[in-house]
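Down below is the structure, laid out as structure tokens.
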Protein chains: 2
Amino acid sequence: MPRPSDHAVAVTRLLEEAQGPLSADEVRQALAETGIGIATVYRLLKRGVEDGRYIPIEIPNGPTHYEPADRPHHHHFECLTCHRVYDVMGCPGHLDELTPEGFSLESHDVLLRGHCVTCSETPTP
Amino acid sequence: MPRPSDHAVAVTRLLEEAQGPLSADEVRQALAETGIGIATVYRLLKRGVEDGRYIPIEIPNGPTHYEPADRPHHHHFECLTCHRVYDVMGCPGHLDELTPEGFSLESHDVLLRGHCVTCSETPTP
DNA sequence: CTTATAGTGAGAATTAATTATCATCTCGTC
DNA sequence: GACGAGATGATAATTAATTCTCACTATAAG
């Protein structure tokens, strides 16, 4: 019976503590001091999705981000400066009303864009 | 055999008549009988965006789609079966209320997913 | 200790989208 | 007809993200 490796534990903890979904490279950078390789990061993220523990968040024009699967329904905010992705709680709703006649709605994504607190405060990026 | 400059006209007309943004490959396929090459399609789309006549629509996990720049504010619906993208008029609104404190909201995208009329009617999931 | 097994990192390979290259073609102008 | 600027298409090249390969390692079991 294989026991979970330290890397797997670290990645799960990292995703749980993050304020939003992380990309593979963000995970690698955050765990850089452990010497984790990018191949291992991708392996663990892929397995986590297959096991239903992580959810992949597809960002237009950017790498896939990952978050724990047990978060309640929410959406995301992408900072146009630092490109970090943040969770935003809540949902505008009323989306069936937008759906055209005869179309069946299965899911939806709302992606806000702008500048996060950190990047709004900084005068020059 | 179309005169060279006809390609630009054909692409613009195609985008204007479409029910949603089109990808480069969808443009090429729609104009296949003219023998248009993919390089020309990308060239015309790129120039259109640079000139402000077209808007690029980034689809997560898919190629960029393009639509005329003069459409009123709206969002999109992606069919999970045929992967075509359709315009949906209207907007849920109230998005500033979702934006976290200190964040500045500049734009937003809403992407609905499900099955379009055509693919809902066809008894093949 | 010895072995079996899963885990690992470096780097190669793959994939899909897009862009660059370049010889050729078109058309208005001479 | 010849000319030249711009347009074109086939294909090579590039780019970014992700996956694969493989020799090596640590651990646990026997």
Side-chain angles (χ1 to χ4, degrees), chain A residues 1-15 20-51 53-67 76 78 80 82-85 111, chain B residues 1-15 20-51 53-67 76 78 80 82-85 111:
Chain A
M1 205 56 156
R3 69 176 176 81
S5 76
D6 289 347
H7 282 149
V9 174
V11 168
T12 294
R13 230 172 48 112
L14 181 64
L15 292 187
L22 302 179
S23 68
D25 199 59
E26 285 171 335
V27 169
R28 190 188 52 72
Q29 284 179 43
L31 303 178
E33 69 272 18
T34 71
I36 192 171
I38 193 64
T40 299
V41 173
Y42 275 110
R43 255 190 303 256
L44 295 176
L45 292 176
K46 194 183 182 192
R47 182 180 313 167
V49 172
E50 287 166 357
D51 295 353
R53 292 175 293 112
Y54 305 154
I55 300 280
I57 306 294
E58 315 285 0
I59 301 296
N61 234 356
T64 303
H65 286 53
Y66 299 84
E67 67 183 10
H76 299 102
E78 181 186 16
L80 296 169
C82 66
H83 293 102
R84 269 189 280 263
V85 179
L111 183 59
Chain B
M1 214 51 153
R3 294 196 300 274
S5 54
D6 285 351
H7 283 328
V9 175
V11 168
T12 294
R13 231 173 47 111
L14 181 64
L15 292 188
L22 301 180
S23 68
D25 200 59
E26 285 171 335
V27 169
R28 190 188 52 72
Q29 283 179 43
L31 303 178
E33 69 273 16
T34 72
I36 192 172
I38 192 65
T40 298
V41 172
Y42 274 111
R43 253 190 304 258
L44 295 176
L45 292 176
K46 194 183 183 193
R47 181 178 313 168
V49 171
E50 286 166 358
D51 295 353
R53 291 176 293 112
Y54 306 155
I55 299 280
I57 307 294
E58 316 284 0
I59 301 295
N61 232 355
T64 303
H65 286 52
Y66 299 85
E67 66 183 12
H76 299 101
E78 180 186 17
L80 297 170
C82 67
H83 294 102
R84 270 190 279 262
V85 180
L111 183 59

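Source: prediction; values computed, not measured. The chains referred to below are lettered A, B, ... by the order of the sequence lines, with proteins before strands, and numbering in each begins at 1.
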Does [X] make a side-chain N or O approach to OP1 or OP2 of [N] shorter than 4.0 Å?
{"X": "A:H7", "N": "C:dT8", "answer": "yes"}
{"X": "A:R47", "N": "C:dG7", "answer": "yes"}
{"X": "A:Y42", "N": "D:dT18", "answer": "yes"}

Please give, in whole Å, the distance from [N] [atom2] to [X] [atom1]?
{"X": "B:D6", "N": "C:dG28", "atom1": "CG", "atom2": "P", "value": "11 Å"}
{"X": "B:H83", "N": "C:dA17", "atom1": "NE2", "atom2": "C1'", "value": "16 Å"}
{"X": "B:R28", "N": "C:dT19", "atom1": "CZ", "atom2": "P", "value": "16 Å"}
{"X": "A:K46", "N": "C:dT8", "atom1": "NZ", "atom2": "P", "value": "16 Å"}
{"X": "B:E50", "N": "C:dT18", "atom1": "CD", "atom2": "P", "value": "14 Å"}
{"X": "B:Q29", "N": "C:dA17", "atom1": "CD", "atom2": "P", "value": "12 Å"}
{"X": "B:I36", "N": "C:dC25", "atom1": "CD1", "atom2": "P", "value": "18 Å"}
{"X": "A:L45", "N": "C:dT8", "atom1": "CG", "atom2": "P", "value": "12 Å"}

Side-chain heavy-atom pair A:H76, A:E67 within 4.5 angstrom cut-off |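 Result yes, sub-4.5 Å side-chain heavy-atom pair found.
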Does some side-chain heavy atom of B:V11 sit less than 4.5 Å from a side-chain heavy atom of B:T40?
->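 Heavy-atom side-chain distance check fails, nothing below 4.5 Å.
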Which pair of non-hydrogen atoms, one from [X] and one from [Y], has the smallest distance, and what is that distance?
{"X": "B:T64", "Y": "B:P56", "answer": "CG2-CB, 3.8 Å"}
{"X": "A:S23", "Y": "A:E26", "answer": "N-OE1, 2.8 Å"}
{"X": "B:H65", "Y": "B:P63", "answer": "ND1-O, 2.8 Å"}

Residue pairs fulfilling salt bridge (charged side-chain N to carboxylate O under 4.0 Å, His left out) with at least one residue in residues 42-51 of chain B, sequence neighbours excluded =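 Matches after skipping sequence neighbours: B:D51-B:R53.
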Name all pairs fulfilling the salt bridge (charged side-chain N to carboxylate O under 4.0 Å, His left out) condition that reach into residues 27-41 of chain A, sequence neighbours left out, sorted by first residue then second.
->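 Of all non-adjacent pairs touching residues 27-41 of chain A, those that pass salt bridge (charged side-chain N to carboxylate O under 4.0 Å, His left out) are A:D25-A:R28.
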What residues, two or more places apart in sequence or in another chain, satisfy side chain to side chain donor-acceptor pair (under 3.5 Å) together with [X]?
{"X": "A:H7", "value": "none"}
{"X": "A:T12", "value": "A:Y54"}
{"X": "A:Y66", "value": "none"}

Under-3.5 Å N/O pairs linking protein and nucleotides 21-23 of chain C:
none

Axis deviation across the helix from C:dC1-D:dG30 to C:dC30-D:dG1, five-pair ends, to the nearest 10° =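 Comparing the first five pairs with the last five, the axes sit 10° apart.
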With B:L14, which residues qualify under side-chain contact (heavy atoms from CB on, under 4.5 Å), at least two apart?
->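 Testing B:L14 for side-chain contact (heavy atoms from CB on, under 4.5 Å), a comparison that skips the adjacent residues, returns B:L22, B:V27, B:A30, B:L31.
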With a non-hydrogen cut-off below 4.0 angstrom, is A:I38 in contact with a base, only sugar-phosphate, or nothing?
->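 Nothing, no heavy atom under 4.0 Å.
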B:I57/B:V85 under side-chain contact (heavy atoms from CB on, under 4.5 Å): CA gap, chis, key distance, verdict | CA-CA 10 Å; B:I57 307 294; B:V85 180; 5.6 Å; no
Which residues, if any, of residues 57-66 of chain B bring a heavy atom under 4.0 Å of DNA chain C?
->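 Within this stretch, B:P63, B:T64 sit under 4.0 Å of the strand.
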